[in-house]
> 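One structure coming up, written as structure tokens, with questions to follow.
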Amino acid sequence: MSTTLHQEFAFQRSISPTATEQYSVDEVHHASPEDGELLDVVYDWDRVPVPSSLKEFGARRANVQNPLDVSGVWRFRELLPFAPDEQIVTIGEGQTMLRPSDVAAKHVGVDVGNLFLQYEGLNPSGSFKDNGMTAASTHARMVGAKIAACASTGNTSASLAIFASATGLFRAVVFVGSGKIAYGKLSQALDYGALTLQILGDFDDALSRVREVCRERNIYLCNSVNPFRLEGQKAIMYRVLEGLNWEVPDWIVVPGGNLGNSSAFGKAFMELKELGLIDRIPRLAVINAAGANTLYRLVEEDGLKWNGGDVERSLVQKFYGDMDSENRRASTLASAIEINRPVNLTKCLRAIEVCDGVVREVPDQAILEGKAVVGRGGFGCEPASGASVAGAKLLREQGVIAPSDRVVCILTGHQLKDPNITVGWHMSDTDKINAILGQETIQATPNANGPVVVENDLEKIIAALES
Ligand SMILES: *Cc1c(COP(=O)(O)O)cnc(C)c1O
């Protein structure tokens, strides 16, 4: 496929169906000047040579010599066909796994064998963000960017920084807020050589600044306002289907922060259905932390809907107005989803409609319990990812998820991202955890697995082993 061909069948357009302007894929835009909404990448599918069955994509995994086939994103390249092959930037992202977990099934309350965990922590930088960053890096290369920037609660910056260090294509600049940032994530941005600017403000402040700076200085913006990131994140769903031998599950459960992932998942299923590659769409559950529950309140309490693109924006404006006047700020130990104003809100509303979705909020206690279950019955995950297991459990208790449903929980980040919280939890060091949170919410857990202190004495050590 040549460059010119891509420009003929791939466009950028406002998510809103009434907007009329469209832009070429080799331009940089962040929002539609017509309605201020974020742009979507749209394809003229009639002109894209998409394989007739999803199995054909899976067969490419055998081509270990071709980096595009090794990538768990670009193996599916005809489903995100905005770039010519020779421009694609890959560092081997997306070699992740779907595994059943009986321990998690029992915790959630579904039949053993029906609960699956999708380990996105296995990506090169340890979070799902690499799925999107490979696509944004590809677009950055298409437009000849020399500097790329993002604001981040940690994982986006780690991902951008590794793509810059591993490819040498551009310099990375990351903006972090002064709220919670897990050290595992910060250490990555520093080690990969990104210029790291710590803004004296929260994530939402850092994001609005980086958008301004990118506009002023013509720097390439890699936050999830970038529609190409979401194109890459669609591949997480392709791999979930692949992991289930191309069968569609009943539920996809994902933590919601800026809502890029949930938006991308909805778009993936919408397109697969349109292409006739799947015959039904799974339901989507987006899980907020109770301390960062903008989506939950807007959708489940205020009744905000996609409504064919006619979104009641006054509801959203009122919500944010109240948030500011009451000085309410997101606060959760799951720092990756500690977001006040989710930038992909409108796109997520579309995903909820496409997937007959629901939104739930779960307290930090349940999030950390979910996380501990994933550790005991699997490869582990970071706090935010625990929200998916906690959310599935809540939906099961509410009777929304049935015991016989097949449920896939997306584990967005690696277990090693945030060791302080994990160690604090297992040592029942709730003071330490509550000091991070700034409020008293976490209770000691019966499932804690703290180290056993024993004297340096053979008999006493053996006694400890046998106790
Ligand atoms: C970014 C992130 C999230 C939130 O994803 P959104 O697409 O912003 O909703 C959740 N978990 C982890 C580990 C993340 O890094």
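Hydrogens, waters and symmetry mates are skipped; everything else that's a heavy atom, side chains included, is used. If you're wondering where the values come from, they're calculated on a predicted model, not measured in any experiment. Whatever order the structure lists ligands and atoms in, that order sets their numbers, starting from 1.
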> Note every protein N or O atom lying under 3.5 Å from an N or O atom of ligand 1, pairing the names and giving the distance.
unit_1   : atom_1 : unit_2 : atom_2 : d
ligand 1 : 7 (O)  : G260   : N      : 3.1
ligand 1 : 7 (O)  : N261   : N      : 2.8
ligand 1 : 8 (O)  : N258   : N      : 2.8
ligand 1 : 8 (O)  : L259   : N      : 3.4
ligand 1 : 9 (O)  : G257   : N      : 2.8
ligand 1 : 9 (O)  : N258   : N      : 3.3
ligand 1 : 9 (O)  : L259   : N      : 2.8
ligand 1 : 11 (N) : T412   : OG1    : 2.8
ligand 1 : 15 (O) : K129   : NZ     : 2.6
ligand 1 : 15 (O) : N155   : ND2    : 2.7

> Quick check, are the ring centers of Y23 and F11 under 6.0 angstrom apart?
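Y23 vs F11: aromatic centres not under 6.0 Å.
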> Could you check whether any side-chain N or O of N340 sits under 3.5 Å from a backbone N or O of A330, counting only pairs where one atom can act as donor and the other as acceptor?
yes
> Indicate yes or no for a side-chain donor-acceptor contact from Q12 to the backbone of V28 under 3.5 Å, with no hydrogens or angles considered.
no
> Please list all pairs passing the side chain to side chain donor-acceptor pair (under 3.5 Å) test where one or both residues lie in residues 115-124, with sequence neighbours left out.
T96-Q118, T96-E120, Q118-E120, E120-N123, E120-N131, E120-R239
> Are any of the side-chain nitrogens in R329 or E338 under 4.0 Å away from the carboxylate oxygens of its partner?
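No.
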> Taking NZ, NE, NH1 and NH2 as the nitrogens, is one of them in D322 or K318 under 4.0 Å from a carboxylate oxygen of the other?
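K318 and D322: salt-bridged.
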